[in-house]
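A quick write-up on the structure given underneath.
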Amino acid sequence: MAWSVRCFPGVRESLEALRGAGRNLGVATNGAGDIQRAKLAATGLTSLFDGICVSEEIGARKPAYDHFEVAASLCGTRLSTDGWMVGGGSETDIEGGRAAGLRTAWVANGRTWTDGLRGPDIVVWGVTEAIEAMRAAAAQYCSRRSSSW
């Protein structure tokens, strides 16, 4: 089943542009290491990520803070206010990411946010929209930092 996973159109190019803008990229996922890594390999995106954090391999599952902290470390960075968690899980991705101090993007894929939880920073239909939103936010963040020097 893992080998049947495919990358959505535009995702590779969007991730490459985000990396080109100097961003660290990582994967934070729950599940079995061999299965999750096989899925990534099937998409052909593995080489774009600085770190891949799989719950089975580290002994902590999202939404645990430790999972996000290890994921950041595997990417060669720390959790920070200009970091993002992008995902489709309201509790594991959005609540967990927020608790770790990250901004959050919920990939709705046609769903409506109905959980009683506080909503994400942004709601997008698909992954490429999330990546574009992160690029725009990074540009604003850099602009604010340079204007305050």
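As a basis for the values below, the full set of heavy atoms in this structure was taken, side chains included, without hydrogen atoms, waters or symmetry mates. Residue numbers count from 1 along this sequence.
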Donor-acceptor contact below 3.5 Å, side chain N30 vs main chain S55: no

So, for F68 and A100, which heavy atoms are closest and what is the spacing to 0.1 Å? CB-CB, 3.7 Å

Under the side-chain contact (heavy atoms from CB on, under 4.5 Å) criterion, do C53 and I58 qualify, and how do the steps go? CA-CA 7 Å; C53 182; I58 66 160; 3.4 Å; yes

For G51 and C75, work out which heavy atoms get closest and say how close. N-SG, 3.6 Å

Is a donor on one side and an acceptor on the other found under 3.5 Å between the side chain of W125 and the backbone of N109? no

Using a 3.5 Å distance criterion without hydrogens, assess whether the side chain of R98 forms a donor-acceptor pair with backbone atoms of G119. yes

Hey, mind stepping through T43 and F8 against side-chain contact (heavy atoms from CB on, under 4.5 Å) and telling me if it holds? CA-CA 9 Å; T43 65; F8 290 115; over 6 Å; no

Could you tell me whether a side-chain N or O of E129 sits under 3.5 Å from a main-chain N or O of G126, the two making a donor and an acceptor? yes

Give a yes or no answer on whether the side chain of T104 reaches the backbone of D121 with a donor-acceptor pair at less than 3.5 Å. yes

Could you state whether V107 and L18 fall into the same hydrophobic cluster, counting links through intermediate Ile, Leu, Val, Met, Phe, Trp or Tyr residues with side-chain heavy atoms under 4.5 angstrom apart? yes

How long is the span from the NZ atom in K39 to the SG atom in C7, to the nearest 0.5 Å? 14.5 Å

Which heavy atom in A130 sits nearest to a heavy atom in A105, and how many Å separate them? CB-CB, 4.3 Å

At what distance, to the nearest 0.5 angstrom, does CZ of R23 lie from OG1 of T77? 8.5 Å

What's the shortest heavy-atom distance between G88 and D93, and which atoms? N-OD2, 3.1 Å

Residue pairs meeting salt bridge (Lys or Arg N to Asp or Glu O under 4.0 Å), one or both in residues 65-74, sequence neighbours left out, come to none

Under a 4.5 Å side-chain heavy-atom rule over Ile, Leu, Val, Met, Phe, Trp and Tyr, are V127 and M134 clustered together? yes

Heavy-atom side-chain contact between E95 and S90 under 4.5 Å: no

Nearest-0.5 Å distance, OG of residue S14 to CZ of residue R135: 7.5 Å

In terms of heavy-atom contacts, T46 and A41 come closest through OG1-N, 3.5 Å

Only residue of I94, L79, D82, V86 satisfying side-chain contact (heavy atoms from CB on, under 4.5 Å) with L102 is L79

Working to the nearest 0.5 Å, report the span between CG of L25 and CD of E16. 10.5 Å

How far apart are the C-alpha atoms of R37 and E57, what are their side-chain angles, what is the distance that settles it, and do they pass the salt bridge (charged side-chain N to carboxylate O under 4.0 Å, His left out) test? CA-CA 11 Å; R37 288 180 183 279; E57 297 172 353; 2.9 Å; yes

With side chains defined as the heavy atoms from C-beta onward, is the minimum distance between I122 and W84 less than 4.5 Å? yes

Same hydrophobic cluster for M85 and V27, using side-chain heavy-atom links shorter than 4.5 Å among ILVMFWY? no

Determine yes or no for a side-chain-to-main-chain donor-acceptor pair under 3.5 angstrom, with K62 supplying the side chain and G96 the backbone. no

Find the distance between CG (L40) and OG1 (T29) and round it off to the nearest 0.5 Å. 8.0 Å

Any chance you could lay out the side-chain contact (heavy atoms from CB on, under 4.5 Å) test for N24 and F49, step after step, and finish with the verdict? CA-CA 7 Å; N24 289 59; F49 297 106; over 6 Å; no

Once you round to the nearest 0.5 Å, how far does CG of L74 lie from CD1 of I52? 9.0 Å

Which pairs with one or both residues in residues 42-56 pass salt bridge (Lys or Arg N to Asp or Glu O under 4.0 Å), sequence neighbours excluded? R19-D50

